[in-house]
Amino acid sequence: MSNLSTLKPVNDFLAQQGKLYIGGKHVDALAGKTFTTPNPATGQTLATVADGQAEDIDLAVQAARTAFESWKDTPPNIRGKIVWKIGELIEQHAEELAELESLDNGKPKMFAMGLDMSLATETFQYAAGWATKIDGNTKTLSVPYAPGAKFHAYTRKEPVGVCGQIIPWNFPLLMAAWKIAPALVTGNTVILKPAEQTPLTALYLVHLLEEAGVPAGVVNIVTGFGEAGAALAAHDGVDKVAVTGSTEVGKLIVGAARGNLKKVTLELGGKAPNIIFNDADIESAVATAANAIFFNSGQVCCAGSRLYIEAGIYDEVIAGVHQIANGIKVGAGLAGDTMMGPLVSAEQFERVSGYVKAGIDAGATALTGSAVPEGGGFFHSPTVLTDVR
């Protein structure tokens with residue numbers, strides 16, 4: 001595991017076992033379980049991480065509940081300054097975070113720098129401004145059944161409480177930012193459960209949270225598998241659960257959350273078609289359609305995985321998309337010329353390969369793109385399927 005990165009802080013981090021972060025402390029899972037996270041460019045172990053279970057979630061909920069009592073009363077301007085500082089620190093440590101994201105997820109480092117890190121920074125800094133801008137209002141009421149009576153009605157916005165947050169593996173740090181920043185700035189406490197495929201940037205973020213001055217217990221991070229996520233969604237001490245993930249997982253979360261009728265926010269996957277008509281700007285449409293499916297190795301919830309083309313321009317569009325696919329440089333994320341990295345895991349590779357095979361078995365023609373590196377890793381050629389039903 002040595003010298004995986006060009007940066008010493010990243011290699012030092014990878015050499016240590018990743019621990020849970022509960023109540024401001026870095027701790028092992030109570031059951032002592034761990035799991036390994038692989039480098040998808042090689043298939044080899046990248047790091048070892050604590051495998052949190054239901055009992056660890058319970059400890060995290062207790063810590064978050066305790067911290068909530070003081071954090072909710074922290075003056076908004078103080079919360080805003082802390083949240084702004086988190087964004088500032090992400091910007092300062094963007095290169096380490098981008099390399100770690102590339103190693104753990106597979107995406108090209110230049111994409112992680114240009115998109116994930118910059119948007120994560122902006123998310124915290126945008127949210128910071130809301131700390132002092134949220135307030136209630138008063139209403140003058142008229143009640144028909146009480147003529148002449150005077151009423152004073154007002155709304156007061158208060159923090160929800162303890163927020164359980166479950167994030168996916170395709171944009172790990174950015175998704176953590178989208179979940180954590182608005183929760184913190186509005187006075188809530190957090191238990192974050194990263195995807196088991198990509199836990200590392202969330203654990204690296206812990207050090208930045210501490211440096212920014214986030215009090216103990218306000219943010220807790222429990223790495224692990226579905227059991228930890230299920231326990232988080234079902235826990236009666238959690239007031240809200242927010243999930244970005246698959247539709248199947250979303251259905252399970254709704255069922256688990258009904259015990260105490262906790263608030264639920266779901267951002268789930270779909271199956272997105274793009275449509276190109278004869279009157280389109282063909283060059284622009286082809287480039288956009290190709291980017292819509294090949295960006296991030298196609299691992300985006302709204303990836304344009306189906307392309308409908310009006311008959312008169314079909315051949316031209318297919319030729320254009322295929323040409324772009326052929327020009328994509330596939331390789332390890334840390335290589336400077338890589339345009340598409342590997343898929344995130346062996347499971348994801350089998351899923352994508354299975355879809356391609358199913359299409360071919362059903363009569364489709366596969367126009368593959370550029371070649372993939374030889375050896376280990378979960379690489380898949382950019383692929384266009386034509387003659388589909």
Side-chain angles (χ1 to χ4, degrees), residues 60-87 119 122-167 175-193 212-215 217-220 232-245 247 249-268 270 301-302:
V61 172
Q62 294 176 39
R65 179 61 59 192
T66 299
F68 176 66
E69 294 307 313
S70 57
W71 182 244
K72 67 182 176 65
D73 294 326
T74 299
N77 65 316
I78 301 300
R79 294 201 303 264
K81 287 179 180 179
I82 290 173
V83 171
W84 177 274
K85 183 64 175 177
I86 297 170
L119 289 183
E122 290 180 16
T123 297
F124 278 101
Q125 294 184 341
Y126 171 80
W130 276 105
T132 55
K133 313 299 187 298
I134 299 173
D135 50 32
N137 54 59
T138 59
K139 297 286 186 182
T140 300
L141 299 182
S142 297
V143 183
Y145 54 77
K150 295 182 179 180
F151 296 90
H152 176 66
Y154 68 95
T155 62
R156 176 182 174 182
K157 296 184 178 179
E158 298 180 341
V160 172
V162 175
C163 298
Q165 303 178 334
I166 300 173
I167 58 173
M175 292 292 150
W178 284 6
K179 293 287 191 289
I180 294 173
L184 292 193
V185 83
T186 49
N188 302 284
T189 55
V190 166
I191 302 154
L192 182 76
K193 194 279 183 189
V214 177
V218 170
V219 177
N220 306 273
L232 183 58
H235 202 292
D236 285 345
V238 173
D239 300 295
K240 173 170 181 171
V241 61
V243 179
T244 300
T247 301
V249 169
K251 291 176 181 179
L252 296 173
I253 295 297
V254 170
R258 66 187 180 185
N260 65 340
L261 295 178
K262 58 173 62 67
K263 298 178 186 295
V264 177
T265 300
L266 302 175
E267 181 193 7
L268 307 179
C301 59
C302 56

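No experiment lies behind these values; they were computed from the predicted model shown. Nothing fancy with the numbering, it's 1 onward along the sequence.
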In chain order, what residues pass the side chain to side chain donor-acceptor pair (under 3.5 Å) check against Gln62, with sequence neighbours excluded? Asp58

Quick one: pull up NE2 in His152 and OG1 in Thr140 and give me the separation to the nearest 0.5 Å. 9.5 Å

With sequence neighbours left out, what residues match Thr244 under side chain to side chain donor-acceptor pair (under 3.5 Å)? Lys179, Glu267

Could you go through Phe124 and Ile180, starting from their C-alpha distance and side-chain angles, then the distance that decides it, and tell me whether this counts as side-chain contact (heavy atoms from CB on, under 4.5 Å)? CA-CA 8 Å; Phe124 278 101; Ile180 294 173; 4.1 Å; yes

Which pairs would a plain distance check flag for residues 67-74, meaning a side-chain donor or acceptor within less than 3.5 Å of a matching protein atom at least two apart in sequence or in another chain?
residue	atom	partner	partner atom	Å
Ser70	OG	Ala67	O	3.2
Trp71	NE1	Leu184	O	3.2
Trp71	NE1	Asn188	O	3.2
Thr74	OG1	Ser70	O	3.1
Thr74	OG1	Trp71	O	3.3

Rounded to the nearest 0.5 Å, what separates atom NZ in Lys139 from atom CG in Asn137? 5.0 Å

Output all residues satisfying side chain to side chain donor-acceptor pair (under 3.5 Å) with Asn260, sequence neighbours left out; order by chain, then residue number. Lys262

Output all residues satisfying side chain to side chain donor-acceptor pair (under 3.5 Å) with Thr265, sequence neighbours left out; order by chain, then residue number. Lys240

Looking only at heavy atoms, which two atoms of Leu192 and Ala176 are closest? And how far apart? CD2-CB, 4.1 Å

Looking at residues at least two apart in the chain, or sitting in another chain, which of them share a salt bridge (Lys or Arg N to Asp or Glu O under 4.0 Å) with Arg258? none

Here the pair of heavy atoms bringing Ala131 nearest to Val185 is CB-CG2, 3.5 Å

Please report the closest heavy-atom contact between Leu141 and Ala153, naming both atoms and the distance. CD1-CB, 3.5 Å

Rounded distance (nearest 0.5 Å) linking atom CZ of Arg79 with atom OG1 of Thr186: 7.0 Å

Take Ile253 and Ile166 through the test side-chain contact (heavy atoms from CB on, under 4.5 Å) and record every step on the way to the result. CA-CA 10 Å; Ile253 295 297; Ile166 300 173; 4.0 Å; yes

Of all heavy-atom pairs between Gly187 and Pro159, which one has the smallest distance, and what is that distance? O-CB, 3.5 Å

From the options Val162, Val219, Asp239, Val61, select the one residue that forms a side chain to side chain contact (heavy atoms under 4.5 Å, CB included) with Thr189. Val162

